Number of protein chains: 2
Amino acid sequence: MARSGADLALLLLGGFRTLVDAATAELARRGHEDVRPVHDFAMRAIADGADTAAELSRRLSIAKQSAAKTIAVLEERGYVAGATDPRDARRKRLVVTELGFEVLRTGEAIFEELRGQWAQQIGAPELELLEKQLAALVGAVPVRFDTPGWITRDLGESI
Amino acid sequence: MARSGADLALLLLGGFRTLVDAATAELARRGHEDVRPVHDFAMRAIADGADTAAELSRRLSIAKQSAAKTIAVLEERGYVAGATDPRDARRKRLVVTELGFEVLRTGEAIFEELRGQWAQQIGAPELELLEKQLAALVGAVPVRFDTPGWITRDLGESI
DNA sequence: GAACTATAGACAGCCAGGCTGTCGTTCGTC
DNA sequence: GACGAACGACAGCCTGGCTGTCTATAGTTC
């Protein structure tokens with residue numbers, strides 16, 4: 001029960017953090033301690049066709065340089081591999097490695113479990129309605145990543 | 001309509017960001033361009049009795065040093081003033097200045113307006129139910145600030 | 001085929017907001 | 001009076017954003 005609009009914002013943030021914290025912790029427990037939420041989002045985008053730094057930056061609405069930084073981390077940790085495109089020597093085409101896909105699958109499963117817990121608590125139809133209403137309120141506003149570090153840090157820890 | 005648990009998390013984050021971005025932008029429009037969400041939260045806590053760096057750090061669940069950093073910014077910008085406690089020379093008692101209170105009031109009004117818009121879109125009873133359900137789901141989990149920078153950055157911009 | 005423009009990615013460096021570790025000062029208690 | 005606890009300050013680190021500048025390559029136009 002929010003007392004004000006600011007509390008509503010905190011509720012939304014709290015809900016997000018609850019999910020993401022739990023997911024990050026569980027993912028770490030299952031052997032992926034070096035994955036943060038941002039990494040999950042980035043890998044999803046890469047797997048989904050954003051296979052160059054420039055494209056990833058557009059997809060996530062972040063600076064090209066920030067995307068390159070994230071990619072460097074993912075490559076270093078073995079979640080993503082890159083090779084120069086034979087048809088365009090400027091591009092470095094990215095692929096998600098098997099290890100990366102494992103993280104994506106595990107993360108998805110964990111989030112699915114968490115969502116199931118929520119559905120149990122308030123009822124599946126109610127949760128669906130809540131999601132529908134939130135989607136309507138959020139509208140076409142895309143989630144961007146030029147936000148404070150603390151959110152993404154938790155993201156990384158939870159996914 | 002979320003397709004998965006991860007999408008639910010993104011919806012929550014999106015809702016938060018939508019509110020906070022709008023609030024930060026509006027607050028900047030009304031003359032407070034240097035206030036970020038963290039600052040608002042910190043000022044609320046200070047006004048609410050967390051009037052030393054150590055106490056603020058406990059209230060926000062952040063490191064003492066991080067709290068001190070935030071306080072330094074708030075002091076520098078004139079939103080908070082501090083003086084050594086005459087009864088305990090170790091402590092530096094903080095007070096929110098009139099300028100600080102103005103920001104708090106303005107921020108509150110803006111969030112109230114935004115919440116009103118949401119209530120119009122999905123109906124006031126529905127919004128209240130949504131808040132109630134979210135509160136139940138989030139439970140006793142306090143919002144902590146050791147999260148990725150992008151969330152707090154947006155917070156700062158929006159409140 | 002040469003010249004021009006657009007795009008990819010790399011390098012350097014900045015900023016915010018977290019963090020740890022260390023330290024001197026002050027308080028309170030024994 | 002001595003000792004431990006708590007406060008605040010200083011230095012320095014990390015992450016994940018950012019800008020600016022640079023080179024190489026590609027595509028387009030003359």
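For the numbers below, each heavy atom of this structure counts, side chains included, while hydrogens, waters and symmetry mates do not. Bear in mind the structure is a predicted one, so any value in this text is a computation, not a measurement.
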Return the value, rounded to whole Å, for the distance between atom [atom1] of [X] and atom [atom2] of [N].
X: A/E76; N: D/dC14; atom1: CD; atom2: P; value: 13 Å
X: A/D40; N: D/dG16; atom1: CG; atom2: P; value: 13 Å
X: A/D34; N: D/dC14; atom1: CG; atom2: P; value: 16 Å

Among all residues two or more places apart in sequence or in another chain, which pass the salt bridge (Lys or Arg N to Asp or Glu O under 4.0 Å) test with [X]?
X: B/E113; result: B/R30
X: A/R105; result: A/E98
X: A/D85; result: A/R93

For [N], does OP1 or OP2 lie under 4.0 Å from any side-chain N or O of [X]?
X: B/T70; N: C/dG18; answer: yes
X: B/K92; N: D/dA9; answer: yes
X: A/R58; N: C/dA8; answer: yes
X: B/S66; N: C/dC19; answer: yes

### Query
Reckon B/A63 touches a base, only the sugar-phosphate, or nothing at all at heavy-atom distances under 4.0 Å?
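Base contact.
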### Query
Which is true for B/R93 with a 4.0 Å heavy-atom rule: it touches a base, it touches only sugar-phosphate, or it touches nothing?
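Answer is nothing: B/R93 stays at 4.0 Å or more from every strand.
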### Task
Please report how far the helix from C/dG1-D/dC30 to C/dC30-D/dG1 bends, comparing the axis fitted to its first five pairs with the axis fitted to its last five, to the nearest 10 degrees.
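Roughly 0° between the end axes, to the nearest 10°.
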Polar atoms only, N or O, under 3.5 Å: list the protein pairs with nucleotides 10-13 of chain D and their distances.
none

Show the distances under 3.5 angstrom between N or O atoms of the protein and N or O atoms of nucleotides 25-27 of chain D.
residue : atom : partner : partner atom : Å
D/dT25  : O2   : A/R90   : NH1          : 3.4
D/dA26  : OP1  : A/A89   : N            : 3.0
D/dA26  : O4'  : A/R90   : NE           : 3.4

